[in-house]
Amino acid sequence: MVKLSEVVLDIRSGDQVNLARKTVQEWAVRMAFGTLERTKFVTAASELARNTLVHGQGGTLTIAEVNQGGRPGIKLVFEDSGPGIPDIERALEDGFSTAKSMGLGLGGARRLVNEFEITSIVGQGTRVSIIQWKRR
């Protein structure tokens, strides 16, 4: 996979969560993603940005235009130095929530994108990477 361009955004406030969502939307429009793939990707990005702020106590979002075998895509990497996730598999289950929400965040985000990867170390933080490839 080749990285073509990249930008890093802070996620430390609600306004920055909104800016992250807007920036991802702009990248997907610029790259001519279809309406459905763009909507799913922006929804996943919005949920992960909110998680970075609420559960990770703030962090960063790296947005990169990538290309693999001539297929363009957008890669997002959310990183925080928060408390980490003690049981990733459980956190990915629908209905599990530590914030008294519906518990659809991580699992829902995973279902909305083409590629999803999460690593977390308790006491050190969490890294979530997602990729949406443009449909051919």
Side-chain angles (χ1 to χ4, degrees):
M1 179 175 7
V2 177
K3 199 180 293 182
L4 303 174
S5 62
E6 179 178 285
V7 66
V8 178
L9 303 173
D10 278 334
I11 300 177
R12 303 198 185 283
S13 70
D15 286 344
Q16 289 176 324
V17 169
N18 291 334
L19 176 61
R21 179 177 43 247
K22 181 180 176 199
T23 304
V24 171
Q25 172 82 17
E26 289 169 353
W27 277 54
V29 167
R30 180 177 50 84
M31 292 178 63
F33 274 65
T35 302
L36 180 59
E37 64 189 342
R38 183 176 64 241
T39 299
K40 289 165 67 173
F41 193 57
V42 171
T43 300
S46 180
E47 179 61 31
L48 295 172
R50 189 189 70 76
N51 282 359
T52 299
L53 177 63
V54 172
H55 300 290
Q57 302 162 349
T60 60
L61 163 59
T62 302
I63 307 171
E65 182 178 348
V66 293
N67 191 298
Q68 187 171 41
R71 189 173 188 192
I74 302 174
K75 179 178 183 176
L76 306 180
V77 179
F78 298 86
E79 295 182 272
D80 67 63
S81 300
I85 302 170
D87 187 343
I88 291 174
E89 288 308 312
R90 185 157 184 237
L92 288 167
E93 291 176 7
D94 287 346
F96 177 78
S97 173
T98 58
K100 297 183 179 20
S101 67
M102 291 176 60
L104 299 173
L106 284 176
R110 178 172 63 175
R111 287 188 298 274
L112 291 171
V113 298
N114 298 133
E115 296 183 28
F116 180 97
E117 181 182 329
I118 182 169
T119 56
S120 188
I121 299 172
V122 173
Q124 294 185 25
T126 300
R127 181 181 194 271
V128 179
S129 171
I130 61 174
I131 298 177
Q132 188 75 8
W133 296 107
K134 186 174 176 188
R135 296 181 93 182
R136 293 184 179 185

J.: So, do Phe78 and Ile11 sit near enough that their side-chain heavy atoms are less than 4.5 Å apart?
T.: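 Yes - at least one pair of side-chain heavy atoms lies under 4.5 Å apart.
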
J.: Should Ile118 and Leu106 count as side-chain neighbours, where that means a heavy-atom distance under 4.5 Å?
T.: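 Sidechains of Leu106 and Ile118: in contact.
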
J.: Taking only residues two or more places apart in sequence, or in another chain, which ones meet Ile121 in a side-chain contact (heavy atoms from CB on, under 4.5 Å)?
T.: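 Counting only residues at least two positions away or on another chain, Ile121 forms a side-chain contact (heavy atoms from CB on, under 4.5 Å) with Gln124.
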
J.: Of all residues at least two apart in sequence or in a different chain, which pass the side-chain hydrogen bond (donor to acceptor under 3.5 Å, both in side chains) check with Gln68?
T.: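 Gln68 satisfies side-chain hydrogen bond (donor to acceptor under 3.5 Å, both in side chains) with no other residue.
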
J.: Between Pro83 and Gly56, what is the shortest heavy-atom contact and its length?
T.: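 Closest approach of Pro83 to Gly56, heavy atoms only: CD-CA, 4.4 Å.
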
J.: If I take atom OG1 from residue Thr119 and atom CD1 from residue Ile88, how far apart are they, to the nearest 0.5 angstrom?
T.: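 Going from the OG1 atom of Thr119 to the CD1 atom of Ile88 covers 6.5 Å.
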
J.: What residues form a side-chain contact (heavy atoms from CB on, under 4.5 Å) with Arg38, not counting sequence neighbours?
T.: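 side-chain contact (heavy atoms from CB on, under 4.5 Å) list for Arg38, sorted by chain: Gln25, Ala28, Val29, Phe33, Thr35, Val42.
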
J.: Can you pull out every side-chain hydrogen bond (donor to acceptor under 3.5 Å, both in side chains) where at least one residue sits in residues 9-22? Sequence neighbours excluded, please.
T.: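 Listed once each, the pairs are Asn18-Arg21, Arg21-Ser46.
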
J.: Side chains of Phe41 and Val113, heavy atoms from C-beta outward: is any pair under 4.5 Å?
T.: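 Yes, side chains in contact.
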
J.: Would you give me the side-chain donor-acceptor pairs under 3.5 Å for residues 128-135, sequence neighbours excluded?
T.:
{"residue": "Gln132", "atom": "OE1", "partner": "Asn114", "partner atom": "N", "Å": "3.3"}
{"residue": "Trp133", "atom": "NE1", "partner": "Glu115", "partner atom": "OE2", "Å": "2.8"}
{"residue": "Lys134", "atom": "NZ", "partner": "Met31", "partner atom": "O", "Å": "3.1"}

J.: Over all heavy atoms of both residues, which pair between Val122 and Pro86 is shortest? Give the atoms and the distance, please.
T.: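 Smallest interatomic distance, heavy atoms only, reads CG2-CA, 3.5 Å.
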
J.: In this structure, which one of Leu9, Leu61, Ile74 forms a side chain to side chain contact (heavy atoms under 4.5 Å, CB included) with Val24?
T.: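 The residue from Leu9, Leu61, Ile74 that satisfies side chain to side chain contact (heavy atoms under 4.5 Å, CB included) with Val24 turns out to be Leu61.
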
J.: I'd like to know if the side chain of Asp80 and the backbone of Thr52 have a donor-acceptor N/O pair within less than 3.5 Å.
T.: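 No: the side chain of Asp80 does not pair with the backbone of Thr52.
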
J.: Per the salt bridge (charged side-chain N to carboxylate O under 4.0 Å, His left out) rule, what does the pair list look like for residues 116-125, sequence neighbours excluded?
T.: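 For residues 116-125: none.
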
J.: Are any of the side-chain nitrogens in Arg50 or Glu47 under 4.0 Å away from the carboxylate oxygens of its partner?
T.: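 Salt bridge: yes.
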
